[in-house]
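Below, read A as the first sequence line, B as the second, and so on, with proteins coming before strands; counting in each chain starts at 1. Just so it is clear, the structure is predicted and the values come from calculations on it, not from any experiment.
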There are 2 protein chains.
Amino acid sequence: MGNPNRDHEYLAKLQDYFASYRSLPSYAVIGELLGMASKSAVSALIKRLSLAGFVEMTPDKRLAPTKRFFEREIADFNVPAGLPAAANDAMSDSLSVDDYLIPRPSSTMLVRIKGESMIDAGIFDGDIAVIEKRHAASIGDFVLAVVDNEYTLKELGRDKQGYLLLPHNRDFQPIRPTESLEIYGIMTGLIRKYR
Amino acid sequence: MGNPNRDHEYLAKLQDYFASYRSLPSYAVIGELLGMASKSAVSALIKRLSLAGFVEMTPDKRLAPTKRFFEREIADFNVPAGLPAAANDAMSDSLSVDDYLIPRPSSTMLVRIKGESMIDAGIFDGDIAVIEKRHAASIGDFVLAVVDNEYTLKELGRDKQGYLLLPHNRDFQPIRPTESLEIYGIMTGLIRKYR
DNA sequence: AAGGTTAGTGAACGGTCGTTCTGTTGTCAA
DNA sequence: TTGACAACAGAACGACCGTTCACTAACCTT
């Protein structure tokens with residue numbers, strides 16, 4: 001009957017559904033969604049996906065996605081003209097974007113970038129910076145700092161006279177804190193959305 | 001009887017539950033969870049939360065959280081001068097970075113950037129591009145294309161002679177496909193990790 | 001004090017849930 | 001060609017689902 005292993009395709013549809021509704025449907029509806037006429041086929045599919053670690057049952061026996069459900073492959077596009085989609089065994093990395101960028105949620109915040117002072121570092125106006133809150137930083141880190149009562153994202157530098165905040169833009173001058181310099185957090189990631 | 005408006009407290013428990021299991025339990029279990037003895041109390045609570053916009057029913061009538069369900073309580077630590085409170089506001093209507101960048105999981109892939117050809121667009125070697133697979137693109141889109149049997153990320157351009165692939169790096173020349181140009185997908189996001 | 005409002009109890013009920021079992025069909029290896 | 005196997009169809013079934021209704025208790029107003 002069926003093709004060899006359409007489970008990956010079925011999983012994709014469930015992922016789309018969950019992305020839309022933040023909930024997994026009943027077996028009957030899954031059947032409709034996937035083009036299956038009987039719930040027993042769905043039941044078997046769920047068992048397979050459960051074994052593969054993509055879904056699980058909550059303590060009260062409800063179907064729920066696992067963390068793995070949200071993982072994505074990162075493909076290198078060195079691949080010579082073969083579809084990178086088909087071969088999922090040789091993938092380098094597999095994780096969810098959240099886990100990748102935000103390993104410690106409780107100490108992490110997101111900050112919308114304003115201004116052009118870091119464009120030479122590939123950080124543009126409107127981008128979102130992932131900031132891990134902490135008060136210590138190393139020279140060379142990109143830091144979100146409070147300088148003279150104002151928040152700013154710059155590279156942390158140092159010279160004979162003390163700490164500096166270095167912009168990455170030829171048109172801007174380094175900032176030397178006159179009164180106070182407080183490190184609010186360091187930048188651990190960048191997020192940008194197009195269109 | 002009860003205190004004035006414990007709904008906020010109830011919501012918090014549901015949020016915790018969902019964070020643990022990525023699913024909302026049945027009314028009976030919600031009752032246990034919240035210390036309610038009857039399901040009709042839960043039913044009433046769900047109606048209230050639904051009115052307030054924290055939960056909703058999927059098309060197939062299952063209980064599901066809304067985007068608002070995931071909104072973070074804006075922590076009330078003191079704002080000296082222009083605290084980056086605009087932080088969460090950036091992605092206020094999405095529940096996670098995943099959701100923000102990847103609304104349609106099944107047609108989205110992640111590709112590790114190789115090379116310097118797009119550095120003037122703030123896309124660096126080692127960055128991860130979010131690619132939405134599709135074969136049609138508009139002029140000006142950043143596209144992952146297969147040109148003469150090789151994958152490349154460039155801006156899609158056009159002149160009198162036809163389509164072009166434009167790098168964003170002064171040291172690179174535009175690419176004019178000699179044999180074939182196939183659009184593999186368009187770039188909808190960028191992810192970078194520091195350190 | 002009376003009356004309204006709101007949150008919750010408890011029981012009854014029809015509908016839907018997911019499981020299970022039997023049967024069918026297409027694929028693959030011997 | 002045969003037999004094993006996997007994916008799926010279809011029907012039956014008990015359990016659990018969420019709704020509804022009548023009722024109670026605490027808290028407003030006035």
Q.
Expressed as a whole number of angstroms, how long is the span from A:D7:CG to D:dA6:C1'?
A. 11 Å
Q. Taking for each residue the nucleotide of DNA chain C bearing the nearest heavy atom, is the 5' side occupied by B:D60 or by B:R48?
A. B:R48
Q) Tell me: CZ of A:R62 to P of C:dT19, nearest whole Å? A) 13 Å
Q.
Please tell me if B:S26 has a side-chain N or O lying less than 4.0 Å from either OP1 or OP2 of D:dC17.
A. yes
Q: Give the cluster check for A:L156 versus A:V146: same hydrophobic cluster or not, with ILVMFWY residues linked at side-chain heavy-atom distances below 4.5 Å.
A: no
**Q.** Distance below 4.0 Å between A:S40 side-chain N/O and C:dT20 OP1 or OP2
**A.** no
Q.
Nearest to the side chain of A:S43, heavy atoms from C-beta on, is which of D:dG18, C:dT19, C:dT9?
A. C:dT19
Q: Please assess B:D7 against B:F54 for the test side-chain contact (heavy atoms from CB on, under 4.5 Å), listing each intermediate value before the final yes or no.
A: CA-CA 11 Å; B:D7 285 5; B:F54 291 109; over 6 Å; no
Q | Listed nucleotide nearest any side-chain atom of B:K39, set C:dT19, D:dT19, D:dC8 | A | D:dT19
Q. What is the distance, rounded to the nearest whole Å, between atom NZ of A:K47 and atom P of D:dA6?
A. 14 Å
Q: Find the distance A:R6:CZ to D:dC8:P and express it as a whole number of Å.
A: 7 Å
Q) Within 45° of the axis and under 6.0 Å from the centre of the six-membered ring of B:F124, does NZ or CZ of B:R192 qualify? A) yes
Q.
Between C1' on D:dT19 and CD1 on B:I46, what's the gap in Å once rounded to a whole number?
A. 13 Å
Q: Side chain of A:A37 only, please: which of D:dG18, D:dA9, C:dT20 is the nearest?
A: D:dA9
Q: Without swapping roles, check the side chain of A:D16 against the backbone of B:S106 for a donor-acceptor pair under 3.5 Å.
A: yes
Q: Looking at every strand, decide which applies to A:A44 at a 4.0 Å heavy-atom threshold: base, sugar-phosphate, or nothing.
A: nothing
(Q) Can you measure B:M36 atom CE to C:dT9 atom P for me and round it to whole angstrom units? (A) 7 Å
(Q) Distance check needed: D:dC8 P versus A:E32 CD, whole Å only. (A) 16 Å
Q. Given C:dG8, is OP1 or OP2 found less than 4.0 Å from the side-chain N or O atoms of B:Y10?
A. yes
Q. If only side-chain N and O atoms of A:S38 are considered, is one of them under 4.0 Å from the OP1 or OP2 phosphate oxygen of D:dG10?
A. no
Q: Just say parallel, tilted or perpendicular for the rings of A:Y184 and A:Y151, cut-offs at 30° and 60°.
A: perpendicular
Q: Find the distance A:L45:CG to C:dT19:P and express it as a whole number of Å.
A: 12 Å
